[in-house]
Each structure stands twice: as C-alpha cells, then as structure tokens.
Protein chains: 2
Amino acid sequence: MNVTTALSGEGGCPIRDVLDRIGDQWSLLVLAALEPETLRFNVLLRRIGDVSKQMLSRTLRRLEEDGFVERTVYAEVPPRVEYSLTDLGRSFLVPMRALIGWADTHQPQVEAARAAYRARA
Amino acid sequence: MNVTTALSGEGGCPIRDVLDRIGDQWSLLVLAALEPETLRFNVLLRRIGDVSKQMLSRTLRRLEEDGFVERTVYAEVPPRVEYSLTDLGRSFLVPMRALIGWADTHQPQVEAARAAYRARA
DNA sequence: GCTCCACGGTCTATAAAGTGGACCGTGGAA
DNA sequence: TTCCACGGTCCACTTTATAGACCGTGGAGC
C-alpha cells in the first residue's frame, strides 16, 4: 500500500480524515487508557493527568462519534458515565501497538539524534 | 507490550515523548510525502497543499532534530534545500503503514459510526 | 542598467484553539 | 444544615496557527 495516498489535502482523502482524528494531542492516550478497562470520566482525567476537562470531554465525544468508544450513562446521583472501547476501537489498538512499540525501541536513537542536533547547533 | 505504559503524563515517559512529536497536525503527512522521494521545501508545500509555510518549516525542523529527516542545503541562487528520510525515518514508515492501512480498511466503519451518531442526535 | 521572478524562509497581525478555574444540580453522608 | 462527588459546561485568558508581507540573491528578459 502506498503511503503517499495519505496526502491530497483537497477533496476529503479518507485516510487523512482518520489520521486527523488520531493525530491530536489526546486520542491515542485515551484509547491507551481504555485498553485494559472501562473507566469513568474523572478516573480517566486523573489517569492521564495533564489533560483538561474540556479537552477530555471533546476527545471522548469525537471518539464516540467515530465509533472507537462507547459511552454509557447511569441515571444515578452523583452521575456515573463509563467509557469503554468498541470492537472498532480495540481493532485500532493493533496498529497503535506497533507504533508504540516502534517509539519504545527507537527512543534511544531519537534521543541521540537530538543530542547530535544540539551539538551541531 | 502494554499500551498503558504510554500514559503517565508526569515524569517524561519516552513513548509519550515520541508520540507527541508524531501526533501533531503535519508530521505524518510530511513523512508520507517524503517516502518515495527527496523533495524541496516548496514542492513539499505544494504537495501537501494546506500546510502553511511556517508550520511546514517548524515540522521539518523538528523532524530533523529527532533524526527522521535529513536537510541538505545547496549553496545556489535561488537557494535549494532538499529534505529526505533518514534510515530512522524510513523505519518509522513500517508501523505508520500499518496505521494508514487500518485507516484505509476501517474508514467505512468510521463513516457508518458517524452516520449512526448523527441519527441518534 | 533596470525590472522582475524563484527560492526558502522569517516576521507580524489576526484568528483559532486550549487552559484552569468557577459554576451547575442532585442526593447521600456527616 | 453543610458539604462533597460526579460529569460536564462556560468564561476569561494564554498559547498556537494562519495568511500574507517581506528579505537577499543572482539570473533572465528588455
């Protein structure tokens, strides 16, 4: 498969469409957090740590829209809202794991590249 | 490998560090564009289409810093600057292809999820 | 000689997006 | 009676991105 297909800003490239959603600050982290277990909003908030309520809220809504995440509201007081991965969301974890694996193994090389860059400058 | 490791906002998680660089608006697109061939700045600009000069410039500088991309300046007039993938950059394309492949095959499901969401709302 | 263009950027005003914190209603615990 | 947790939303403020002007150089055209 040709990676270049991911381009073409004009005309609604489907791949680009999906990558735009994925390539934001928080989506990957949220998906990662939901991998092992269903979580409630505030738990997710604390688990990730440095995401604001607003951004977490937006990210979750978009992930829900796109069918990665399921939102379940329990009519209780105080309210309880649980987020979990759908099958689609779980299937996305497969390539995502590959990406994280790459990041993990190549992180020293990235670090080295940065050091080399700083040394040149 | 455990995806949850990608979390922990505090304390400089290496995976998160790499994902933050990748998970921006343009990095993936630039890497995709450079996959088949070395390109000059303005060609890249036109190829991607909706990136601003400033963002392309920043994105390239960061990719260079992190060792994904190599920048070659030719002392000519008008100036010629070429960008190409390093081995590290090329190795990153492997998991990236998996991601794009996923996006490609599952795009109909994402579209369906969006339609279902709109219908519910 | 004089004008104009391409190139790879940077700089600047303006617009868009993100942040932290106040705020909301509810019911149960203290 | 007071207070808190929960899942958000709303607002003022800060950060980030955008579009477009601008820069120097040298060669082409006149």
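Below, chains carry the letters A, B, ... as their sequence lines are ordered, and counting in each starts from 1.
Nucleic acid contact class of Tyr83(A) (heavy atoms, under 4.0 Å, all strands): sugar-phosphate only.
Annotation: of the two residues near DNA chain C, Val81(B) and Gln25(A), the 5′-most nearest-nucleotide partner is Val81(B).
Protein atom CD of Glu82(B) is 13 Å distant from nucleotide atom P of dC7(C), rounded to whole Å. Distance CG (Leu45(A)) to C1' (dG20(C)): 12 Å, rounded to an integer number of Å. As a whole-Å value, the separation of Arg80(A) CZ from dG8(D) C1' is 17 Å. In this structure, Glu76(B) places its CD atom 17 Å from P of dA6(C), rounding to the nearest Å. Counting to the nearest Å, the P atom of dC7(C) and the CG atom of Leu56(B) are 14 Å from each other.
The line from CG of Leu45(A) to CG of Leu39(A) is 11.5 Å long, rounded to the nearest 0.5 Å.
Comparing dT10(C), dC7(C), dG8(D) against the side chain of Arg46(B) picks out dC7(C) as the nearest. Among dC7(C), dT9(D), dG9(C), the nucleotide with an atom closest to any side-chain atom of Ser57(A) is dT9(D). Checking dG9(C), dT18(D), dG7(D) against every side-chain atom of Met55(B), the shortest atom distance belongs to dT18(D).
Here Arg40(B) reaches the OP1 or OP2 of dG8(C): one of its side-chain N or O atoms lies under 4.0 Å away. Put simply, Arg58(B) has a side-chain N or O that comes within less than 4.0 Å of OP1 or OP2 on dA17(D).
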Protein-to-nucleotide contact annotation, 5' to 3' order, nucleotides 19-25 of chain D [B base; S sugar-phosphate only; - none; under 4.0 Å, heavy atom]: S----BB
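With sequence neighbours left out, the salt bridge (Lys or Arg N to Asp or Glu O under 4.0 Å) criterion links Glu82(A) to Arg80(A). For the salt bridge (Lys or Arg N to Asp or Glu O under 4.0 Å) test, no residue two or more places apart in sequence or in another chain qualifies with Arg61(B). Every ring pair (Phe, Tyr, Trp, His ring centres under 6.0 Å) that Trp102(B) has, sequence neighbours left out, goes to Phe68(A), Phe92(A), His106(B). Partners of Arg120(B) under the salt bridge (Lys or Arg N to Asp or Glu O under 4.0 Å) rule, at least two apart in sequence or in another chain, are Glu64(A).
Judged as a side-chain hydrogen bond (donor to acceptor under 3.5 Å, both in side chains), the pairs with a partner in residues 36-45 of chain A (not counting sequence neighbours) are, in order, Glu37(A)-Arg47(A).
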